[in-house]
Every structure is written in C-alpha cells, then in structure tokens.
Amino acid sequence: MMKRNIFANIIGMFLVCGGMSMGFCSCDDETVSPALDEKVLISEINVGVTPNLPLLINTDSLMTWEVLPEEATNKNVIWTSANPEIASVSEDGRISAHALGTAVVTVSPEWGYATAASVTVEVIDHIVFIDDIVLTNPEDELSVYATASLQLAWRTLPEEPTYPGLKWESLTPEVATVSESGLVRGVAAGTAQIRATATDSRHFSKVFEIAVMPVIPIESLEIDESQSELAIGEVSKLNVKVTPENATVSTLVWESSNPSVVSFDEDGVMTVHDYGSVTITASAEYGGSSVSAALDAQVVEGKVNDTFDYTAPWAIFNNVGMVVGIEDSELVLTPGDDKNYKAVRIARTGGVNFHAGNYPILAVKVWMPGDVVAESDKMEYYLDIWTKGQTPAGKYGENTDKGKNQMEVKDCGDYKVYVADFTRKGLGASNEFLPSSAINMENVEFQWWKLWYDAGVPLDGTIKIDWVKTFRSEEELDALIASESGIR
C-alpha cells in the first residue's frame with residue numbers, strides 16, 4: 001500500500017508540472033534547476049616527505065600532502081600500508097613504526113584510481129645524527145658577483161646520516177639569497193651569511209660566509225674571430241675579450257640568430273647542432289646602459305673540435321677499457337684486457353663527418369703515466385675508420401705493417417699528440433684516400449694496445465684524453481701544440 005501511495009504522489013507531481021519538459025519540474029516560473037556539476041577527479045598527490053622515510057621504532061610521523069587540481073570535487077584520500085605489522089598508517093596519514101623492516105605506505109584518492117603516491121618506510125632502531133656540515137667548494141670559489149649565482153656543495157659528518165636533508169636560509173637576504181638546493185644568488189656587494197640546518201631532531205646548524213663582489217661593468221666586448229668556423233657537435237664556450245679585464249663577465253647574455261644551428265644555455269655554453277651560418281651576439285646591461293659584440297660564424301664540414309669541458313663525445317669502444325669520468329676537462333680512462341695485453345679503445349659517438357679538402361689532419365692529445373713509454377716497448381697504436389658497405393675504410397696506413405704505429409707522434413709537454421694526415425696516407429690495405437669532399441664515417445676509433453700491463457693484472461694507472469680536433473694544416477696543429485706545451 002505504501003509503494004502505491006508513493007507512485008501516486010510522483011504521478012501527481014508530473015500532472016502539476018505537465019507544461020514543463022520531461023526531467024525538469026518547477027512550479028515557479030522564476031526557478032530553474034541547475035544541471036548536475038561535472039565531477040573533477042584528483043590527478044596528482046604530493047606527499048611532503050622524501051620517497052624513503054627512516055622512522056625510529058615505536059615512534060610515529062604525521063604525513064602532510066596536497067592534491068591537485070585545486071578544484072577537485074572530492075579531495076579525500078585513503079592511506080594503506082603493505083606491511084602494517086612493521087609500519088601502520090591511520091586515516092589521517094599518521095605512520096606508526098612497530099617492528100624493524102620496511103613497509104610501503106600508499107595514499108590514493110577516495111574517488112578514482114588514476115593516481116597514487118607512496119612512501120617506503122624503513123623502521124630503524126637508532127638514528128645517525130648530523131654533527132657537522134662542511135662545504136666542499138674550493139676556498140677560492142666561495143664568492144659570487146651581485147646578480148650571479150653560486151651552487152654550494154657540501155658533505156655531512158658522519159657522511160651517511162639517517163636524515164641527510166638540510167634546510168638553507170640566508171641571514172642577510174639584502175646581500176644574497178639561497179634556494180632550497182643551496183644555490184646562492186648575489187644581490188648586493190657585501191658578506192652574505194648562509195645558514196644550513198640539519199632536518200633531524202637535533203637540528204645542528206652552521207653559518208657560512210660568502211663574499212658577494214660588486215659588479216664591474218663591461219666597457220667593450222670583442223668575440224675572438226678565430227672561432228668563426230665551428231664544428232658540428234661542438235659544446236664549448238667562446239672566447240671573448242672584455243674591457244676592462246676585471247669586468248664582471250658572468251653577466252654576459254649569449255644569443256644565436258639561428259638556434260637550430262647554434263644554441264646557448266643560460267651559462268653561455270654553446271652547442272652546435274647543424275651545418276649553416278649564424279650570427280652570435282654577446283651582450284651585457286648595467287644600470288640602463290648596454291654593450292654588445294657580434295660574430296658571424298659558419299659550421300664547417302670536416303671540422304672537429306671535441307673537448308671534454310661539458311660533454312664526452314668519445315667513449316670506450318667494444319668494452320676495451322673503462323671510463324672513469326671527466327676530470328679537469330679531460331676524459332679519464334683505464335685500460336682493459338684485449339687478448340694478452342692491456343689496451344684502451346675509444347670511438348666517437350655518432351661517427352665523424354670528414355672533409356679532407358677542408359680539414360685533412362685529425363689529431364688526439366693524450367696523457368699516459370710516465371712509465372708507459374719507458375716500459376711499454378711493445379706498445380702499438382692505431383686509427384681505424386669504417387662504415388659498413390662504404391669505401392674508403394680501414395686502418396690509417398694499413399698498407400704499411402697493418403696500420404700499426406702509422407700516426408705521427410708529437411710531444412706536447414707531458415702529453416703526446418697522435419696525428420693522422422689524410423694527405424699523406426690512406427685507409428685499408430688498398431691505401432684509399434679520403435675524398436676531398438664531405439663524407440660521413442660511422443665508426444672512427446683510436447686504439448692503444450700492448451700497454452705496460454699484462455692481461456688480468458690489477459690497474460694502477462689511467463689514461464687521459466684532452467681533446468680530439470681536426471686541422472687545416474700541420475702549421476695550424478704545431479701552433480696549437482706550441483701554445484699548450486708545458487701548460488698542462
């Protein structure tokens with residue numbers, strides 16, 4: 001009987017509003033029912049803690065979090081623990097540590113399944129506190145110009161604390177500011193006081209002084225015109241002459257008329273992407289006045305100018321040797337086993353675009369420990385160049401003693417420069433010369449064999465590659481060697 005009465009009442013409502021369209025009813029002409037709001041789901045959850053959270057046994061930690069977007073219809077979340085016997089979590093995000101071990105705690109939306117965030121809780125039985133903070137920047141680099149920035153580097157004592165995070169703050173924001181990552185930005189000349197505070201419960205803190213130097217305006221600029229020919233793949237900084245010599249060069253802004261050919265990052269590091277012409281401009285502004293200089297440059301076929309200031313375009317080939325890293329703008333390598341000897345083999349990533357008509361000389365500057373030459377009387381070196389299915393190809397000077405030691409070796413102080421002149425020797429047993437036009441070779445490899453180690457002997461030395469370049473003439477190469485001899 002009850003159901004029949006409810007049904008009758010509903011029918012009555014439709015009869016009263018018979019003039020209204022189906023699905024909407026109003027007995028007041030001025031009242032219109034709004035459409036249902038569109039539901040907005042949570043797309044992101046950010047938890048205010050590192051992905052790995054150490055937590056002392058029998059303690060707890062209340063999580064903070066935010067959900068995005070701000071206009072989410074339902075911002076409620078659900079907390080769960082994969083191992084509640086180790087670490088449990090309450091509805092409001094409080095994690096409690098019960099037993100040693102790890103537990104993954106996850107927070108997910110109450111509505112929807114598209115996103116979630118998790119924290120790996122490591123329950124520990126003791127905390128290693130930070131007792132000291134030491135800056136590792138060189139002492140002579142703990143300064144910054146006003147308007148420039150300095151990234152602080154540091155280590156803690158002990159070196160592996162339970163909570164390694166630091167909070168950075170400037171006690172003199174009128175002189176310099178500091179970011180959460182320790183990036184100091186100069187504001188005005190003076191001595192900045194930057195404080196680092198440990199985020200563990202003891203909150204050890206230390207104040208560091210950073211000199212902020214006044215900006216010395218540049219009166220005139222001149223970009224070195226000898227750099228007007230650039231090499232594809234080159235990553236470097238251009239030389240620029242400033243007047244006065246002690247002017248604040250860090251304020252320079254570099255621009256390219258064609259970023260698809262040459263581009264610059266915010267630190268003025270140039271990357272050459274493609275062949276073509278480009279106008280490069282360096283400029284600086286000081287208190288409303290500006291100064292600038294321009295260079296018309298061309299990316300030239302056959303030019304190679306590989307240094308290791310910012311990238312490593314050469315790498316170990318065929319797993320013979322190992323890259324230690326880049327140190328002091330040099331590629332540092334250790335030899336590896338190759339047959340019965342120690343050897344190191346490097347090749348250029350992406351190959352080399354040769355143009356023997358423009359740049360017929362390829363050279364590499366190498367440093368080896370002093371006992372290498374003295375004790376490695378059987379040492380061999382090669383330059384091997386090839387592209388599958390393409391000629392010319394083979395070892396440089398291979399028609400003579402299979403290419404062994406066919407590169408000329410020039411002294412450059414403590415370094416040796418290994419030189420291949422493609423106007424004098426060809427490739428492979430047939431001694432084919434590289435064409436005087438552009439040709440791309442997929443594989444270009446330098447090899448040093450039969451070094452002073454026997455195979456399997458532990459290593460106690462390294463090899464350093466300073467640069468790999470091409471030259472228009474031997475005179476150009478010799479001029480560079482003369483300028484660098486004894487410098488490094």
Side-chain angles (χ1 to χ4, degrees), residues 224-241 270 272 300-314 326-333 344-348 352-374 376 379-385 395-397 403-425 434 444-448 451 461-488:
D224 186 354
E225 290 188 358
S226 67
Q227 303 165 116
S228 61
E229 290 191 348
L230 305 175
I232 194 166
E234 181 178 350
V235 180
S236 63
K237 279 191 173 182
L238 294 176
N239 297 323
V240 60
K241 180 181 178 181
M270 175 186 70
V272 181
V300 183
E301 290 182 327
K303 183 174 176 67
V304 174
N305 188 25
D306 289 341
T307 59
F308 301 92
D309 298 290
Y310 306 100
T311 60
W314 291 76
I326 296 178
E327 299 176 4
D328 297 327
S329 300
E330 296 180 321
L331 181 65
V332 181
L333 314 166
V344 64
R345 303 167 68 178
I346 61 170
R348 192 181 194 280
V352 173
N353 183 275
F354 285 104
H355 193 306
N358 290 342
Y359 288 88
I361 295 175
L362 176 67
V364 54
K365 183 179 176 183
V366 181
W367 179 91
M368 294 187 184
D371 59 354
V372 175
V373 177
S376 302
M379 185 174 73
E380 300 175 0
Y381 44 88
Y382 300 84
L383 171 60
D384 202 357
I385 302 174
K395 289 185 173 65
Y396 174 74
K404 179 179 70 175
N405 301 348
Q406 291 303 299
M407 285 182 288
E408 182 183 359
V409 183
K410 294 176 178 280
D411 286 326
C412 186
D414 295 332
Y415 290 71
K416 301 292 183 183
V417 177
Y418 293 82
V419 184
D421 186 342
F422 297 111
T423 66
R424 297 180 180 179
K425 297 177 183 178
L434 284 173
V444 179
E445 175 199 0
F446 287 106
Q447 310 174 25
W448 289 269
L451 299 179
T462 57
I463 294 174
K464 301 176 183 178
I465 310 296
D466 191 15
W467 49 250
V468 183
K469 299 174 182 281
T470 55
F471 299 86
R472 287 191 177 276
S473 65
E474 188 169 359
E475 290 76 18
E476 185 180 75
L477 168 61
D478 289 341
L480 178 63
I481 291 175
S483 69
E484 294 185 346
S485 294
I487 295 177
R488 284 180 163 172

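What's counted below: heavy atoms across the whole structure, side chains too, no hydrogens, waters or symmetry copies.
The distance from atom CD1 of Ile361 to atom CG of Asp421, rounded to the nearest 0.5 Å, is 4.5 Å. In this structure, CD1 on Ile481 lies 9.0 Å from CG on Asp411, to the nearest 0.5 angstrom. Rounded to the nearest 0.5 angstrom, Leu331 CG and Thr462 OG1 are separated by 10.5 Å. Separation of atoms CD (Glu380) and CG (Leu451) is listed at 10.0 Å; rounding is to 0.5 Å. For the atom pair His355 NE2 and Lys303 NZ, the distance stands at 14.0 Å (nearest 0.5 Å). Interatomic distance, Tyr359 OH to Thr470 OG1, rounded to the nearest 0.5 Å: 6.0 Å.
Side-chain polar atoms of Glu445 and Gln447 form a donor-acceptor pair below 3.5 angstrom.
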| request: Would you please test Ile463 and Val366 for side-chain contact (heavy atoms from CB on, under 4.5 Å) and show each step? | output: CA-CA 7 Å; Ile463 294 174; Val366 181; 3.7 Å; yes
| field | Arg348 and Asp306: CA distance, side-chain angles, deciding distance, side-chain contact (heavy atoms from CB on, under 4.5 Å) verdict | value | CA-CA 10 Å; Arg348 192 181 194 280; Asp306 289 341; 2.6 Å; yes
| message | side-chain contact (heavy atoms from CB on, under 4.5 Å), that's the test. Do Phe354 and Ile385 meet it? Break it down for me. | response | CA-CA 11 Å; Phe354 285 104; Ile385 302 174; 4.0 Å; yes
| Are Tyr418 and Gln406 close enough, and set up right, to give a side chain to side chain donor-acceptor pair (under 3.5 Å), and what steps lead you there? | CA-CA 9 Å; Tyr418 293 82; Gln406 291 303 299; over 6 Å; no
| task | Walk me through it: do Lys464 and Lys365 pass the test side-chain contact (heavy atoms from CB on, under 4.5 Å)? | result | CA-CA 8 Å; Lys464 301 176 183 178; Lys365 183 179 176 183; over 6 Å; no
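Residues Tyr381 and Met407 approach most closely at CE1-O, 3.4 Å, considering heavy atoms. Of all heavy-atom pairs between Phe471 and Ala363, the closest is CE1-CB, 4.0 Å. In this structure, Thr307 and Pro313 approach most closely via the heavy-atom pair O-CD, 4.0 Å. The two residues Asn305 and Ala231 have their closest heavy-atom pair at N-CB, 3.6 Å. Closest of all the heavy-atom pairs between Ser236 and Glu234 is OG-OE2, 3.0 Å. Listed here is the closest heavy atom pair of Cys412 and Ser485: CA-OG, 3.7 Å.
In this structure, Glu475 and Leu477 have side chains that are not in contact, with every pair of non-hydrogen atoms separated by 4.5 Å or more. Contact of the Leu383 side chain with the Val364 side chain is not registered, since no non-hydrogen atoms from C-beta on lie closer than 4.5 Å. Using a 4.5 Å cut-off on side-chain heavy atoms (C-beta onward), Ile326 and Tyr310 make no contact. Side-chain atoms of Val419 and Val409, non-hydrogen and from C-beta on, never get closer than 4.5 Å to each other. Side-chain contact between Leu333 and Ile465 is present, with at least one heavy-atom pair separated by less than 4.5 Å. For the pair Asp466/Trp367, no side-chain contact is recorded, criterion being any heavy-atom separation below 4.5 Å from C-beta on. Side chains of Trp448 and Met368 form a contact here, defined as non-hydrogen atoms less than 4.5 Å apart.
Ring geometry, Trp314 versus Phe446: the interplanar angle falls from 30° to 60°, so the pair is classed tilted.
The pair Lys469-Glu476 does not meet the salt-bridge criterion, since no charged nitrogen lies less than 4.0 angstrom from a carboxylate oxygen. The pair Asp309-Lys237 does not meet the salt-bridge criterion, since no charged nitrogen lies less than 4.0 angstrom from a carboxylate oxygen. One finds no salt bridge joining Lys425 and Glu408 here, because no Lys/Arg side-chain nitrogen approaches an Asp/Glu carboxylate oxygen to under 4.0 Å. With respect to Asp478 and Lys410, a salt bridge is recorded, a charged nitrogen being found less than 4.0 Å from a carboxylate O.
Of the possible polar contacts, none joining the Arg472 side chain to the Pro360 backbone as a donor-acceptor pair under 3.5 Å is found. Asp328 contributes no side-chain N or O that, together with a main-chain N or O of Glu330, makes up a donor-acceptor pair within less than 3.5 Å.
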